[in-house]
Amino acid sequence: MKQRLAALLGLALFLGAWELAPLLTPGAHALLPVPSQLPGAFWREFQNGVWLACVGASLSHYLIGLGVGVALGVAAGVATGVLPPLEWMTAWITRILRPIPGLAWIPFAILWFGVEEKAAVFIIAIGVFWIVYFSAHGAIRNVDRDLIEVAAAFGFRTSWEKLVKVQFPASLPGILVGVRTSLGQAWMAVVAAELFGVAGLGQRMNQASSLLATDIVVVYMLTMAALYGLIDMAFIFAQSRLLTWKA
């Protein structure tokens, strides 16, 4: 109870300071909208249908890009984790490609896919892929060798049986840590991917900022924060159900 009250007090103080801060500088309202402006800005966006359209478009990009990035990251991470020759073959490819930020791929995304949803999905998937790849690779490599030996003693002798029955389930908590981290990374990639013209939250924020409609920009910033919070809560719930065997 005390923790909740302290959290509410901290939030109230933050909002109060935010509301009063622009009063200290003349003309600051144009640069920093105050919290009391946001409900009206949100209602205007919601009433004309722009907010729902942007949320729907961005969620589509987000979920598809996240799904593709996670699937490919887990598959590649597990494969290189259980097959040392494959890891050796891809070592330098990984070292070359990993440091390249997702934003650097935007020109190629436009060339390959045009200013369309596929381009946004591509950028998001790249941002997610490396996080999940390294978490899956590390988790599968760190599975206790004793578990594999015990599995062999119980008749699971083929590589596939060991992977499905022992290695993957044992590495799943570590993999899910990477997946959860990628939830936030994917939202950052959504904004970057939509800034170059793909419809969604990022595009609307770019339009609003060009018109100095900072209240609209903050509305969509908070929208992304709320969506991330809801998705993260849903993921935690799903994770707890998936890992009931750990309890």
Side-chain angles (χ1 to χ4, degrees), residues 1-4 6-8 10-11 55-83 87 94 98 102 120-148 150-151 154 156 159-193 200-202 221-247:
M1 186 65 177
K2 290 182 179 180
Q3 289 180 342
R4 292 181 180 178
L8 289 173
L11 180 61
V55 168
S58 287
L59 274 177
S60 174
H61 307 156
Y62 176 86
L63 294 175
I64 297 172
L66 181 69
V68 171
V70 167
L72 294 177
V74 170
V78 169
T80 54
V82 298
L83 299 172
E87 181 184 8
T94 300
R98 175 63 186 93
V121 168
F122 175 73
I123 298 299
I124 297 164
I126 286 180
V128 168
F129 172 82
W130 290 112
I131 297 173
V132 179
Y133 170 82
F134 283 109
S135 68
H137 179 82
I140 204 82
R141 288 290 300 272
N142 290 325
V143 172
D144 193 338
R145 300 299 301 177
D146 290 341
L147 290 176
I148 300 174
V150 169
F154 278 91
F156 301 116
S159 298
W160 178 252
E161 288 177 330
K162 292 176 183 177
L163 174 62
V164 173
K165 298 294 184 179
V166 180
Q167 290 173 287
F168 188 78
S171 64
L172 190 57
I175 294 173
L176 291 178
V177 169
V179 174
R180 188 181 179 190
T181 303
S182 72
L183 297 180
Q185 178 64 36
W187 271 120
M188 293 184 236
V190 165
V191 177
L201 298 172
M221 290 170 65
L222 295 178
T223 295
M224 283 188 289
L227 289 173
Y228 168 71
L230 291 173
I231 291 171
D232 188 57
M233 288 172 58
F235 179 82
I236 292 172
F237 176 77
Q239 184 181 40
S240 66
R241 307 287 284 185
L242 194 59
L243 300 180
T244 49
W245 56 269
K246 285 195 69 180

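Residues V70 and S182 are in side-chain contact: their nearest non-hydrogen atoms beyond the backbone lie under 4.5 Å apart. Residues T80 and T94 fail the side-chain proximity criterion, which asks for heavy atoms closer than 4.5 Å. With a 4.5 Å cut-off on side-chain heavy atoms, S135 and V177 do not count as touching.
For F122, the ring-ring contact (aromatic ring centres under 6.0 Å, His included) criterion is met by W112, F113, not counting sequence neighbours.
How far CD1 of I124 is from CD of Q185: 10.5 Å, rounded to the nearest 0.5 Å. For the atom pair CG of N142 and NE2 of H137, the computed distance is 9.0 Å after rounding to the nearest 0.5 Å. Taking CD1 of I231 as the start and CG of L63 as the end, the distance is 6.0 Å to the nearest 0.5 Å. Taking CZ of F237 as the reference point, atom CE of M233 lies at 11.0 Å (rounded to 0.5 Å). Interatomic distance, CG of D232 versus CG of L227, reported as 12.5 Å (0.5 Å rounding). Interatomic distance, R241 CZ to I236 CD1, rounded to the nearest 0.5 Å: 15.0 Å.
Legend: salt bridge (Lys or Arg N to Asp or Glu O under 4.0 Å) pairs involving residues 221-231, not counting sequence neighbours: none detected.
A pairwise comparison of heavy atoms in A186 and L66 identifies CB-CD1, 4.1 Å as the closest pair. Contact detail for S58 and W187: the closest heavy-atom pair is CB-CZ3, 4.2 Å. Looking at every heavy atom in both residues, F235 comes nearest to V179 through CE1-CG1, 3.6 Å. Of all non-hydrogen atoms in G77 and A136, the two that sit nearest each other are CA-CB, 4.0 Å.
Between W130 and Y133, the angle of the ring planes goes over 60°, which puts this pair in the perpendicular group of the 30/60° scheme.
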